[in-house]
Amino acid sequence: MSTDAKNNTALMEKIVSLCKRRGFIFQSSEIYGGCGGVWDYGPLGAELKRNLRTAWWNAMTRDREDVLGLDASILMNPAIWKASGHVETFADLMRECSLTNKRVRADHVDPQDGVIMNYTGAEAATGWKLDRVISVLMKKGEHIESFRKRVRLLIASNAGEAAGKPEEIVLLGEAKADAVEGSIDYHPETGGALGPARPFNLMLKTYLGPTATEDDVTYLRPETAQAIFAQFKNVFDASRVKVPFGICQIGKAFRNEVTPKNFTFRSREFEQIELEFFIKPDEAIEIISGEVAAWSEGADLSEPQANWGWDLWHRYWVDQRTKFYEGIGLGGVLEYYWQTPEDLAHYARACVDILCNFPFGTEELEGIAARGSFDLTAHQNASGKSQEVFDEELKVAAAKLTDEQKEAMIQKRLAAEQSKVKGAPMAEADVRAWFERLFKGNYVPHVIEPSAGLDRMALAIIANAYEETEKTDEKGKKEVITVLKLHPRVAPIKVGVFPLLKNKPELVAKAREVYALLKRHMNVFYDETASIGRRYARQDEVGTPFGITIDFDTLGEKGPELLDTVTLRHRDGGEQERVKISDLLWKLLAEVS
RNA sequence: GCGGGUGUAGCUCAGUGGUAGAGCAUCUCCUUGCCAAGGAGAAUGUCGCGCGUUCGAAUCGCGUCACCCGCUCCA
């Protein structure tokens, strides 16, 4: 491991330690030895998460006119997961390479020709040993020495540091076995013998109903999005909204991750915050507005326009989500990855990953995908229930089109279908049927999906706020000071209230008074133990942005002009200002909300 | 899932077969006129869990669980 990697691992360990010590995040079921890939939020973590949830919910719903909330169940009819494709893609039969443990879908193994080579094991100068039989396919035409080199490399990469350098690994008991043709029992890339086909189900299975038979099987949702799609029509009918509009949801989702890792970053139970923003198909925009607005560098994305197609809506949401992250203090550490056509799922038109810098690497915080009408159409087909909306404006505009104009649109679409990179082109009859519905004002909305993980966001916030500085006191003693530079909006404790000294009843009484004044409006922490400096430090460590100290000036000792004023200390920089008690509330509220 | 590492007090760690330790943190009292001050005292561990070897196990063996690192996976 490089020095950087070691430092980053050490930093991550310090963050995990702080999280436990100060009550942000605990291991689940710790007294029983934990539970893999599951974490609990302690008092401060719960506040932090709640602040993030509120910030997101407000940004999505309260601050907008075009997004509605939903709170759906974790358990759903299992037919949902068949329609969405999750049952299929999350429950593949996989076979594992015995050499490298690379997994491959059982039905995706290409036939291989070559000679089977067996080894009884391997060992390295480092003392590392592999004590099991290795069976590898030497491909047709592969030279024996380059084959051995390749096997050593593969073994080394799987063994990690313990095995040392690949060229120093000794392969034991080499024996040539049979030649094979068209075998599907060896990994296409590595040549390692494949184990038996086993299902790898990433969805958590459970039984709905006490009899627990196979008929009762359902799943804990692996994502919150499907509930939004499944309830799309109900929300639409109940809310007097028109496309474009969105439905957002916050909720738990579950995945049997193969390898939960990086603290809470990849866990088996996690909280998603998702928006499905429904828009008109580009063809509808073309009919209504004459043409779809094109994006160009520097385009104004601040206000949605009627002539926006999916591309501009997609970019708009990337912009909106970026502003959100800036508002909670993550502005400077974001990166963007625009998926290439090869990366994209066949139904997706574009997808941007918003990445964030973590000690363990730059990892995804949120994905913003333009998914076309894939999801609603899938549910429409599987359920037999129409997911179309009727658009009066579109119907009126389409009625003004000539037959030639209509046919031109159809031809344009047919050409586009033919030049698709992924997926089969839509049949001409289906395209014509779709346009027929469109010209009457009916379509299945398309969707832009900004989907984020709340736990990742919380971890990103903590990790990026973590700061250590070394301080030397008068006696030359060095100590490390830890400060969590949390944005005031997300900080679990907004302000600490301290009497300068606890053995002066007047100071204590006044401090209790200030505490009572503020605590109804925000999370306030009262502390009178230990020296004032230590109390500041305790709050710095958990990211409390403000401290209020009641001192002798507050009592009017230095004259009436300072009576009922307090010291307001700012966490970052430690600067202090004198504030009237009567001004505290509005001054603080402006910062923390 | 594979390979490697780790697991002792709330945290960081020392303790290589013979009575369980330190620093920091916590709590109480005293003291303290603004950035982890000082003094006195207290509490805190089935040494991750289980089974074994041994007169005796935190220490040795086997198993297991969790976490970390590297592969792998990541709709």
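Letters A, B, ... are given to chains in the order of the sequence lines, protein chains preceding strands, and every chain is numbered from 1.
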>> A:Phe498 and ring-ring contact (aromatic ring centres under 6.0 Å, His included): which single residue from A:Tyr515, A:Tyr526, A:Tyr536 fits?
In response: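 Running ring-ring contact (aromatic ring centres under 6.0 Å, His included) over A:Tyr515, A:Tyr526, A:Tyr536 with A:Phe498 returns exactly one hit, A:Tyr536.
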
>> So that I can tick it off, tell me whether A:Arg569 and A:Asp540 are bridged by a salt bridge, with the cut-off set at under 4.0 angstrom between side-chain N and carboxylate O.
In response: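 Result for this pair is yes, salt bridge flagged.
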
> Are A:Glu513 and A:Lys510 close enough for a salt bridge, meaning some N to O gap below 4.0 Å?
Replying inline: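 A salt bridge links A:Glu513 with A:Lys510.
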
N or O in side chain of [X] less than 4.0 angstrom from [N] OP1/OP2:
{"X": "A:Ser531", "N": "B:A37", "value": "yes"}
{"X": "A:Arg538", "N": "B:U26", "value": "yes"}
{"X": "A:Arg534", "N": "B:A25", "value": "yes"}
{"X": "A:Asn262", "N": "B:C69", "value": "yes"}

Using a distance-only criterion (donor-acceptor N/O pair, under 3.5 Å, no hydrogens), is the base of [N] paired with the side chain of [X]?
{"X": "A:Tyr32", "N": "B:C49", "answer": "no"}
{"X": "A:Gln576", "N": "B:C34", "answer": "yes"}
{"X": "A:Thr567", "N": "B:C34", "answer": "yes"}

Checking base pairs now: Watson-Crick or wobble, both atom distances under 3.5 Å. What partners [N]?
{"N": "B:C51", "result": "B:G61"}
{"N": "B:G45", "result": "none"}
{"N": "B:A40", "result": "B:U28"}
{"N": "B:A66", "result": "B:U6"}
{"N": "B:C34", "result": "none"}
{"N": "B:C74", "result": "none"}
{"N": "B:G23", "result": "B:C11"}

>> Angle between ring planes, A:Trp310 versus A:His314, binned at 30° and 60°: parallel, tilted or perpendicular?
In response: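 A:Trp310 vs A:His314 ring planes: tilted.
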
[N] to [M] separation - [atom1] atoms, rounded to the nearest Å:
{"N": "B:C34", "M": "B:G21", "atom1": "C1'", "result": "37 Å"}
{"N": "B:C35", "M": "B:U28", "atom1": "P", "result": "24 Å"}
{"N": "B:C27", "M": "B:U8", "atom1": "P", "result": "24 Å"}
{"N": "B:C69", "M": "B:A37", "atom1": "P", "result": "34 Å"}
{"N": "B:U26", "M": "B:G33", "atom1": "C1'", "result": "26 Å"}
{"N": "B:G63", "M": "B:A20", "atom1": "C1'", "result": "26 Å"}
{"N": "B:U16", "M": "B:U59", "atom1": "P", "result": "12 Å"}
{"N": "B:G3", "M": "B:U64", "atom1": "P", "result": "11 Å"}

In whole Å, I'd like the distance from the [atom1] atom of [X] to the [atom2] atom of [N].
{"X": "A:Glu468", "N": "B:A36", "atom1": "CD", "atom2": "C1'", "value": "14 Å"}
{"X": "A:Asp540", "N": "B:A36", "atom1": "CG", "atom2": "C1'", "value": "10 Å"}
{"X": "A:Phe552", "N": "B:U32", "atom1": "CZ", "atom2": "P", "value": "10 Å"}
{"X": "A:Phe360", "N": "B:C68", "atom1": "CZ", "atom2": "P", "value": "10 Å"}
{"X": "A:His86", "N": "B:C74", "atom1": "NE2", "atom2": "C1'", "value": "12 Å"}
{"X": "A:Lys20", "N": "B:G7", "atom1": "NZ", "atom2": "C1'", "value": "11 Å"}
{"X": "A:Ile532", "N": "B:A36", "atom1": "CD1", "atom2": "P", "value": "11 Å"}
{"X": "A:Glu506", "N": "B:G33", "atom1": "CD", "atom2": "P", "value": "14 Å"}

>> On RNA chain B, compare the nucleotides closest to A:Tyr536 and A:Arg268; which residue's is nearer the 5' end?
In response: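 Here A:Tyr536 is the residue nearer the 5' end.
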
>> Between A:Ser17 and A:Tyr347, which residue's closest nucleotide on RNA chain B lies nearer the 5′ terminus?
In response: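 The 5'-side residue here is A:Ser17.
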
> Do we get A:Arg371 above A:Tyr347's six-membered ring, with its NZ or CZ under 6.0 Å from the centre and within 45° of the axis?
Replying inline: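 Geometry flag: not set, cation outside 6.0 Å or 45°.
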
Taking any heavy-atom pair under 4.0 Å as a contact, classify [X]: base, sugar-phosphate, or nothing.
{"X": "A:Gly36", "result": "sugar-phosphate"}
{"X": "A:Glu557", "result": "base"}
{"X": "A:Phe263", "result": "sugar-phosphate"}
{"X": "A:Leu18", "result": "nothing"}
{"X": "A:Leu500", "result": "base"}
{"X": "A:Gly37", "result": "sugar-phosphate"}
{"X": "A:Glu13", "result": "sugar-phosphate"}

Choose from [options] the nucleotide whose nearest atom is closest to any side-chain atom of [X].
{"X": "A:Gln27", "options": "B:A66, B:C34, B:A36", "result": "B:A66"}
{"X": "A:Lys261", "options": "B:A36, B:U72, B:C34", "result": "B:U72"}
{"X": "A:Thr259", "options": "B:A36, B:G33, B:U72", "result": "B:U72"}
{"X": "A:Arg266", "options": "B:U31, B:C73, B:C35", "result": "B:C73"}

> Any idea which heavy atoms bring A:Ala225 and A:Glu274 closest together, and the distance?
Replying inline: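 Taking A:Ala225 first and A:Glu274 second, the nearest heavy atoms are N-OE1, 2.6 Å.
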
> What are the two closest non-hydrogen atoms of A:Thr224 and A:Gln272, and how far apart are they?
Replying inline: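 Residues A:Thr224 and A:Gln272, closest heavy atoms: N-OE1, 2.8 Å.
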
> Hey, is NZ on A:Lys580 packed in by over 12 heavy atoms from elsewhere, all under 6.0 Å?
Replying inline: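 Atom NZ in A:Lys580 is not packed in, count stays at 12 or less.
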
> Around A:Leu344, counting heavy atoms of other residues, nucleotides and ligands shown, do more than 12 lie under 6.0 Å from its CG?
Replying inline: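 Check passes, neighbour count above 12.
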
